[in-house]
Amino acid sequence: MISKDQVIKIANLARLDLSQAEIEKMQKDLAGILDYIDQLNKVDVSGVELEEIESILGNAFREDTPVSQAPETIEKMLSQAPAREGDHIKVKEILT
Amino acid sequence: MTIKKIREGLLKKEFSSLELIDFYLGQIKKKEKDIDAFLQIDIEGAKKQAKEVDEKIAKGEELGSLAGAPCAIKDAIMVNGLNCTSGSKILENYKAVYDATCVDKLKKQDAIILGKTNMDEFAMGSSTEHSAFKTTKNPRDLKRVPGGSSGGSAACVAGDEAVFSLGSDTGGSIRQPASFCGVVGLKPTYGAVSRYGLIAFASSLDQVGPFAKNAQDCETVFKAIMGIDEKDATSVDKSKFSIFNFQFSNIKVGIPREFFGEGLEDKTKEIIEDKIKKLEKAGAQIVDISLPSASYALACYYILATCEASANLARFDGIRYGLSEKGENLLDIYLKTRGKGFGDEVKRRIMLGTFALSSGYYDAYYSKAKKVQALIKKDFENAFSKVDFILTPTSPFPAFNIGEKVDDPLKMYFSDIYTVPINLAGVPALSMPAGFDNGLPVGLQIIGKHFSDFNILQLAKLIEKIVGGLPSKKT
């Protein structure tokens, strides 16, 4: 069972502003889904090593080289920012 | 119309590309008030592309494999200059500034993009009812859902508003709507098609794929969009994909008993079993198999997919693009923008993923689910050491009524119970029409081993011959 306090804490971690009604519905919905998900406890996974799986998958690397964009593309991207100053995106104060 | 017929018709000058596009734009105008498959229709852009194809023909230039074929793109995929909302209010006014790799490849083959199709918000849903904008209707029965999340892409092909379309499939979002609308939909092997320009839901499971009226058209589109892309590190080279020629008589087809048990509707079961019998009669060897861990796939999926989604959707914060609510400070902007911009289902999944990844729960949920996923993969490996293909129903039931499941998240999730194991295993699968239950299409799912996409398409073509043509209207 997931408590109302837990829902509020998770919503804050997830950066979601939820109304009182949403919190209550969320608590009910998540409880139902988690109850269903609990069936995974029945699965015996004792022989499975996650490190082993990851080593098989491997990785794909490439050089991290900057690619220049056409000025029109840059303008199209910047023009979608809610606030800008010149070629910068303007945000609220970060360090207080 | 099929892609092949369009190409031939253009070359023989039976019609021009512009005439064909005008016809399809007319179809859209006539049918959209009923079907609501599109979020945006690009009349000007489509006509411009059509004129370019006509010029190529006039000059005698080589035509692409999709020449003049009118298509539609799921709104989670970027088409330069068109809106890309992913069905969400948080991206309501967002305009794509580049083409997704798959879209770029369609354009290179001279396909014509008619517009962007409706979907469940951020591809989270099975009916399009979770779209922030509208619910698409099933062209077979307008009171019913088209399936989802790529519901608009399935419906526009079924409703003859486009010849083919692109969707994305994270847990069944191509195959389930293909099944509900009575069209063919392919979820390629993970990595077959570049995900560059697809708005991410669960990156380890997401895959772009085509919808079309038949397996041949699906194959033509798949061929055009597949291949390695330096912009997607998980994409794979074409050379990995095997093709072998076969008839029914040289294949072994596995029937997993776990996919025919409780929850499967009788009529759906009957239709699928009848098709299996027809395959056997045609010479295929039918083998009873077991995928013992597959019954845990749905639970496993709803942890892994939501965990990835909670991280992927963190980028929608009201700072760089999309909706931005006013706030006292940065945190306040994040909270308000996301609280207002996301719909109920997206919030639910972000919450579930955040919970499963939070301190103290990570091992019990995420690690556990990753281990169960390994068991599911193993099940498929074992099965494919014995058989060439696996056949199952695509969904346990045909299209349901609009409003029937929207208030009960778990009920909605169950419509994907036979499709999610495939994404967890990363293997390819296709849904094709197998018959009708009271006028509603029922889909057959063909699953193959990694990189066997062309073999799946080949089998689908063989099955089309024995299933026979489907009635175009309700029976």
Side-chain angles (χ1 to χ4, degrees), chain A residues 2 6-7 9-19 22 25-27 29-30 32-50 52-54 56-57 59-62 69-70 72-84 89-94 96, chain B residues 93-95 97-98 230 233-234 293 295-296 298-300 302-303 310 314 317-325 327-340 342 344 347-348 350-356 358 364-365 367-375 377-378 408-410 413:
Chain A
I2 186 163
Q6 268 177 304
V7 172
K9 188 186 146 209
I10 299 295
N12 196 46
L13 286 174
R15 302 290 187 247
L16 289 171
D17 187 17
L18 300 182
S19 68
E22 277 183 308
K25 183 156 190 318
M26 191 65 78
Q27 187 187 358
D29 289 344
L30 291 185
I33 299 166
L34 289 170
D35 191 45
Y36 176 77
I37 284 173
D38 275 345
Q39 62 173 277
L40 292 184
N41 291 329
K42 287 188 283 182
V43 190
D44 176 14
V45 293
S46 52
V48 186
E49 291 296 334
L50 285 183
E52 209 174 296
I53 305 166
E54 281 153 17
I56 298 166
L57 288 175
N59 215 332
F61 295 103
R62 64 168 170 80
Q69 296 289 345
E72 311 90 79
T73 310
I74 295 168
E75 180 52 36
K76 275 186 206 161
M77 290 175 81
L78 281 171
S79 68
Q80 307 209 40
R84 68 186 276 196
I89 291 169
K90 202 171 151 186
V91 296
K92 292 264 178 197
E93 205 172 20
I94 291 170
T96 48
Chain B
N93 299 310
Y94 179 73
K95 228 179 205 72
V97 298
Y98 66 93
E230 60 173 15
T234 60
S293 301
S295 50
Y296 298 106
L298 200 63
C300 177
Y302 275 95
I303 294 175
S310 72
D317 57 4
I319 301 298
R320 287 155 302 164
Y321 48 77
L323 180 77
S324 184
E325 288 292 294
E328 296 288 309
N329 50 45
L330 270 178
L331 178 62
D332 201 31
I333 294 173
Y334 301 153
L335 288 168
K336 284 182 177 154
T337 300
R338 294 163 61 81
K340 192 174 175 199
F342 290 136
D344 290 347
K347 282 181 186 163
R348 226 166 2 238
I350 291 175
M351 287 289 288
L352 188 59
T354 307
F355 172 71
S358 66
Y365 289 104
S367 297
K368 182 74 188 252
K370 274 311 252 188
K371 288 177 182 172
V372 174
Q373 181 187 24
L375 294 176
K377 278 186 181 168
K378 196 107 207 147
D408 187 340
L410 263 178
Y413 298 170

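These numbers come from a predicted model, not from an experiment. Every chain is numbered from 1 and lettered A, B, ... according to where its sequence line falls, protein lines coming before strand lines. The figures here come from the full heavy-atom set of this structure, side chains too, leaving out hydrogens, waters and symmetry mates.
- With a 4.5 angstrom heavy-atom cutoff, Leu352(B) touches chain A via backbone and side-chain atoms both.
- Looking at Ser295(B), the atoms closer than 4.5 Å to chain A (heavy atoms on both sides) all sit in the backbone: N, CA, C or O.
- Heavy atoms closer than 4.5 Å to chain B are found in both the backbone and the side chain of Met77(A).
- At a threshold of 4.5 Å between non-hydrogen side-chain atoms, the residues Asp344(B) and Glu22(A) count as touching.
- Between Ile350(B) and Arg15(A), every side-chain heavy-atom pair lies at or beyond the 4.5 Å cut-off.
- Within the model, atoms NZ of Lys9(A) and CZ of Phe355(B) stand 9.0 Å from one another, a figure rounded to the nearest 0.5 Å.
- Counting heavy-atom pairs closer than 4.5 Å to chain B, the top residue among Ile89(A), Leu50(A), Leu30(A) is Leu50(A).
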* Please lay out, stage by stage, how Val48(A) and Leu375(B) fare under the test side-chain contact (heavy atoms from CB on, under 4.5 Å). => CA-CA 8 Å; Val48(A) 186; Leu375(B) 294 176; 3.7 Å; yes
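- For Leu323(B), no part lies under 4.5 angstrom from a heavy atom of chain A.
- Gln6(A) touches chain B through its side chain: at least one heavy atom from C-beta onward sits under 4.5 Å away, while N, CA, C and O do not.
- Interface residue Glu328(B): only backbone heavy atoms are found under 4.5 Å from chain A.
- Note on Ala83(A), Gly47(A), Ala11(A): by heavy-atom pairs under 4.5 Å with chain B, the leading option is Ala11(A).
- In this structure, CD1 in Ile303(B) is found 11.0 Å from CD1 in Ile33(A), a value given to the nearest 0.5 Å.
- Interface residue Asn93(B): only backbone heavy atoms are found under 4.5 Å from chain A.
- Considering only heavy atoms from C-beta on, Ile333(B) comes within 4.5 Å of Lys92(A) through its side chain.
- Tyr98(B) does not touch chain A: none of its heavy atoms, backbone or side chain, sits under 4.5 Å away.
- In this structure, CE on Met351(B) lies 5.5 Å from CG on Leu18(A), to the nearest 0.5 angstrom.
- For the options Asn12(A), Thr73(A), Asp29(A), heavy-atom pairs under 4.5 Å to chain B are most numerous at Asp29(A).
- Proximity to chain B is limited to the side chain of Val91(A), based on heavy atoms less than 4.5 angstrom apart.
- A distance of 9.5 Å separates OH of Tyr36(A) from OH of Tyr302(B), quoted to the nearest 0.5 Å.
- Taking both residues in full, the closest heavy atoms of Gly318(B) and Pro82(A) are given as O-CG, 3.3 Å, listed atom of the first, atom of the second, then distance.
- Contact of Ser358(B) with chain A is made through the side chain alone, with heavy-atom distances under 4.5 Å.
- For Leu78(A), no part lies under 4.5 angstrom from a heavy atom of chain B.
- Lys368(B) places a side-chain N or O within 3.5 Å of a backbone atom of Leu40(A) that can act as its donor or acceptor partner.
- Both the backbone and the side chain of Ile319(B) come within less than 4.5 Å of a heavy atom of chain A.
- Note: Thr234(B) OG1 to Asn59(A) CG = 11.0 Å, rounded to the nearest 0.5 Å.
- A donor-acceptor pair is defined here as one N or O able to donate and one able to accept, closer than 3.5 Å; no such pair exists between the side chain of Arg320(B) and the backbone of Ala81(A).
- For the options Lys377(B), Gln373(B), Arg348(B), Lys378(B), heavy-atom pairs under 4.5 Å to chain A are most numerous at Arg348(B).
- Side-chain contact check for Lys76(A) versus Lys95(B): every heavy-atom pair is 4.5 Å or farther apart.
- Heavy atoms closer than 4.5 Å to chain A are found nowhere in Lys340(B), neither backbone nor side chain.
- No donor-acceptor pair closer than 3.5 Å links the side chain of Gln39(A) to the backbone N or O of Ala299(B).
- Annotation: side chain of Lys347(B) is not in contact with side chain of Lys25(A) (no heavy-atom distance under 4.5 Å).
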* To do: Given salt bridge (charged side-chain N to carboxylate O under 4.0 Å, His left out), test Glu230(B) with Arg62(A) step by step and report yes or no.
  => CA-CA 8 Å; Glu230(B) 60 173 15; Arg62(A) 64 168 170 80; over 6 Å; no
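- Using a 4.5 Å heavy-atom cutoff, the side chains of Tyr296(B) and Lys42(A) are in contact.
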* Tell me, with the steps shown, if Asp17(A) and Lys336(B) meet salt bridge (charged side-chain N to carboxylate O under 4.0 Å, His left out). => CA-CA 6 Å; Asp17(A) 187 17; Lys336(B) 284 182 177 154; over 6 Å; no
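- Ile94(A) CD1 to Asn329(B) CG: the interatomic distance, rounded to the nearest 0.5 Å, is 12.0 Å.
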